[in-house]
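Both backbone and side-chain heavy atoms feed into the values below; hydrogens, waters and symmetry mates do not. On a predicted model such as this, the values are computed, not experimentally measured, just so you know.
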Amino acid sequence: MLGQTLFSKEYLKPLSFCAVAVIGAVLYGYDGTYFTSILAMDRFDRDYGEQQADGSYTISSSDRSLFTSIVQAGEVVGSLAAGPIGDYLGRKGALSAACTLVTIGVILQMVVAGSHVLLIVGRLVLGMGVGVISNAVPLYLSEIPPTEIRGAVVSSWQLMLAIGQVIGACVGQGSKDLDSTAAYRIPIAINLVFILTIFVGLTWIPESPRWLFGKDKPKKMLRALERIHQYHPNADGAIQEQTAAFEESRRIEIENGGDQSRWTDLVFGTTRRRFLCAVGILVAQQVSGVQFIFSYATVFFQDLHIASPFIITIIVDIVEVLGVIFSFFLVNRFGRRPLLLSTGAGMTVVLLICGGMGVKSEEFRQIHPEYNQVAAAMIIIYVFLFNLAWGPLAWVVATELSTGRNRQKIMSVGTACFWTIAFVVTFTLPYLFDQDKAGLGPMIGFIYGGFSFLTLLFVYFCIPETLGRTLEEINFLMEAEVPTREWSSYDLATAVASSEKAKTRNRFAGDEEFVEHYTGSEGAKVPKSTPPVVDSEAASEKVAEVV
């Protein structure tokens, strides 16, 4: 059923446009796993490590931490820069800037083998490009497709990320035994293949109609909508409906605070709720420690003395892909909240079990390898559960709830916080895991399991159900301050029709302004301006069409 809907002819153009943009997710996923493979290569150890007393070469925990985590520091900077870049240049302009940064970063890493400085600076610049991509691509994926397929399309970010990780792991496996700098230079250079593909695609895909509308470019917006709805059975009607929704959303924003986007808006009014939800869900996705699997999977399995760690890493990445594919068939059936809560509970349990396997000493676990094997198995199950919901849906929820005129700024800060947590996890893992440091080993599962439990509380109390809602409807519900746990049952059509009737009565009574009061099932009475969607005499009919 999903496949028939998703690949219907009317969605062919928006899907093809999004397919170009989402290559950025492949790049993001690829960078994580090819570099974790590089860290486990003998040739890389010889060129970047220090010689030990026995003649072998080893990269210190501090260098390994810096090499891996510096990319996340760049991603934080890139995410913050993505806000003004995206506001000024649009989604396509932001992607162009990102491709340029990644290209420079790749060249710096390859130009001199063995240079710590160039490797670090190159990964920093590459990270800045990935940070911009992580902001621009999800926004583009949420703004191009129709509501019916938006969840699946935004979820494709995580699917393509997982595919990128499989590619990275396979490339690492293929080049690890080369006895030359090609062992790690080839994986680094392949980043340019993805960049070239995006550059070529940008000459064909349209700019986001929502961004064009916000920049008062109606002709370009209409041309973009015409291309997006080219195969729609009623293209003119779809274009008119979407344009009307843009105009109504702008009118609501003007009535509730003006049409100018300001950074100070993020901490006031209903924008604060949007900001906390979008930023919170992206932070919650990372605090359960998934980044250590992205960045250290091969090294992690190697240190646990698991046979064939490179092959196990490939298996983990394939499990990620399977998890995202399964999520496509579940999200439109069960919604966002139930999947986030159920998989989050499962992730918490398996992380705690992983931690329990590390309670025994390393010597004991070497004698009884089944403890390490169980810990590794829990990580694989965790990866599947994560990609069943948290991987794809965190981005879906963040882009859906960051509605309104401050959308770009909310996502900019959100992705910056996302990468900040990713940096903290990646930077601290060697110090927590390695035997010559804290020596926690698998017991790190206790730390991430505790954070995973906190994310459950956050979702339960803060994240509403957005399944089936257009971005304009979500904006309406935010403005009306509907309580979190009542979104799924809230009758928007009736509320709008009632609002129209009440406003008409007050207009004739001489009132200057109508104020709607939403009364939830718990009796909470929240005063809020609730503007009409259409003229009063056609309210119910129009809402039935749109909602």
Side-chain angles (χ1 to χ4, degrees), residues 14 86-87 90-91 139-140 142-148 150 206-230 232 234-262 265 269-271 274 399-411 466 468-480 482 492-493 495-504 507 513-516 528-547:
D87 276 340
R91 313 302 182 232
L139 284 176
Y140 191 86
S142 70
E143 293 174 349
I144 293 297
T147 302
E148 299 83 7
R150 186 183 65 232
E207 182 56 84
S208 164
R210 279 183 174 82
W211 182 82
L212 292 170
F213 178 84
K215 293 298 179 180
D216 292 321
K217 299 180 179 181
K219 292 183 179 180
K220 291 184 177 180
M221 178 201 71
L222 287 174
R223 284 199 296 270
L225 287 173
E226 287 170 358
R227 294 186 64 194
I228 292 169
H229 296 291
Q230 181 176 347
H232 194 285
N234 182 18
D236 290 340
I239 293 171
Q240 291 174 7
E241 181 179 313
Q242 200 161 355
T243 303
F246 292 165
E247 292 172 348
E248 183 59 24
S249 182
R250 172 184 279 182
R251 189 178 68 78
I252 292 173
E253 290 171 3
I254 292 174
E255 291 189 3
N256 289 276
D259 60 347
Q260 296 299 314
S261 175
R262 298 177 293 270
D265 290 341
T270 58
T271 301
R274 296 176 174 88
T399 55
E400 288 178 338
L401 294 180
S402 58
T403 57
R405 63 185 178 276
N406 296 297
R407 181 175 175 80
Q408 178 75 64
K409 290 182 173 61
I410 292 173
M411 283 301 294
T466 55
R469 303 288 193 185
T470 67
L471 296 179
E472 286 67 39
E473 289 169 5
I474 292 170
N475 194 43
F476 181 97
L477 292 169
M478 280 289 185
E479 293 293 340
V482 178
L492 186 58
V496 172
S498 299
S499 168
E500 290 296 335
K501 293 178 182 178
K503 183 174 181 180
T504 301
R507 185 186 300 121
E513 180 181 18
F514 166 68
V515 178
E516 168 79 0
K528 193 65 190 172
S529 170
T530 308
V533 175
V534 291
D535 291 338
S536 59
E537 61 186 15
S540 298
E541 179 181 351
K542 183 63 179 175
V543 169
E545 293 176 2
V546 177
V547 179

Taking the side chain as everything from C-beta on, heavy atoms only, tell me whether [X] gets closer than 4.5 Å to [Y].
{"X": "Pro209", "Y": "Thr243", "value": "no"}
{"X": "Leu139", "Y": "Ser208", "value": "no"}
{"X": "Pro206", "Y": "Tyr140", "value": "yes"}
{"X": "Arg469", "Y": "Phe476", "value": "no"}
{"X": "Met478", "Y": "Thr271", "value": "no"}
{"X": "Thr466", "Y": "Leu477", "value": "no"}

If you measure from [atom1] on [X] to [atom2] on [Y], what distance do you get to the nearest 0.5 Å?
{"X": "Glu400", "Y": "Ile474", "atom1": "CD", "atom2": "CD1", "result": "4.5 Å"}
{"X": "Asp236", "Y": "Glu241", "atom1": "CG", "atom2": "CD", "result": "13.0 Å"}
{"X": "Gln242", "Y": "Leu222", "atom1": "CD", "atom2": "CG", "result": "10.5 Å"}

Handout entry: Closest heavy-atom pair and its distance - Phe246, Phe213
Key =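 Closest heavy-atom pair between Phe246 and Phe213: O-CE2, 3.5 Å.
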Handout entry: Heavy-atom pair with the smallest gap, counting every atom of Glu207 and Ala224
Key =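 Glu207 and Ala224 have their closest heavy atoms at O-CB, 3.7 Å.
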Problem - Carboxylate-amine/guanidinium contact Glu143 Arg91, below 4.0 Å - result: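 Salt bridge: yes.
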Exercise for the section: Name all pairs fulfilling the salt bridge (Lys or Arg N to Asp or Glu O under 4.0 Å) condition that reach into residues 211-229, sequence neighbours left out, sorted by first residue then second. Expected result: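 Every pair satisfying salt bridge (Lys or Arg N to Asp or Glu O under 4.0 Å) with a residue in residues 211-229: Asp216-Arg250.
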Handout entry: Whether Trp211 side chain and Gly86 backbone form a donor-acceptor pair below 3.5 Å
Key =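 Side chain of Trp211 to backbone of Gly86, a donor-acceptor pair under 3.5 Å: yes, one is there.
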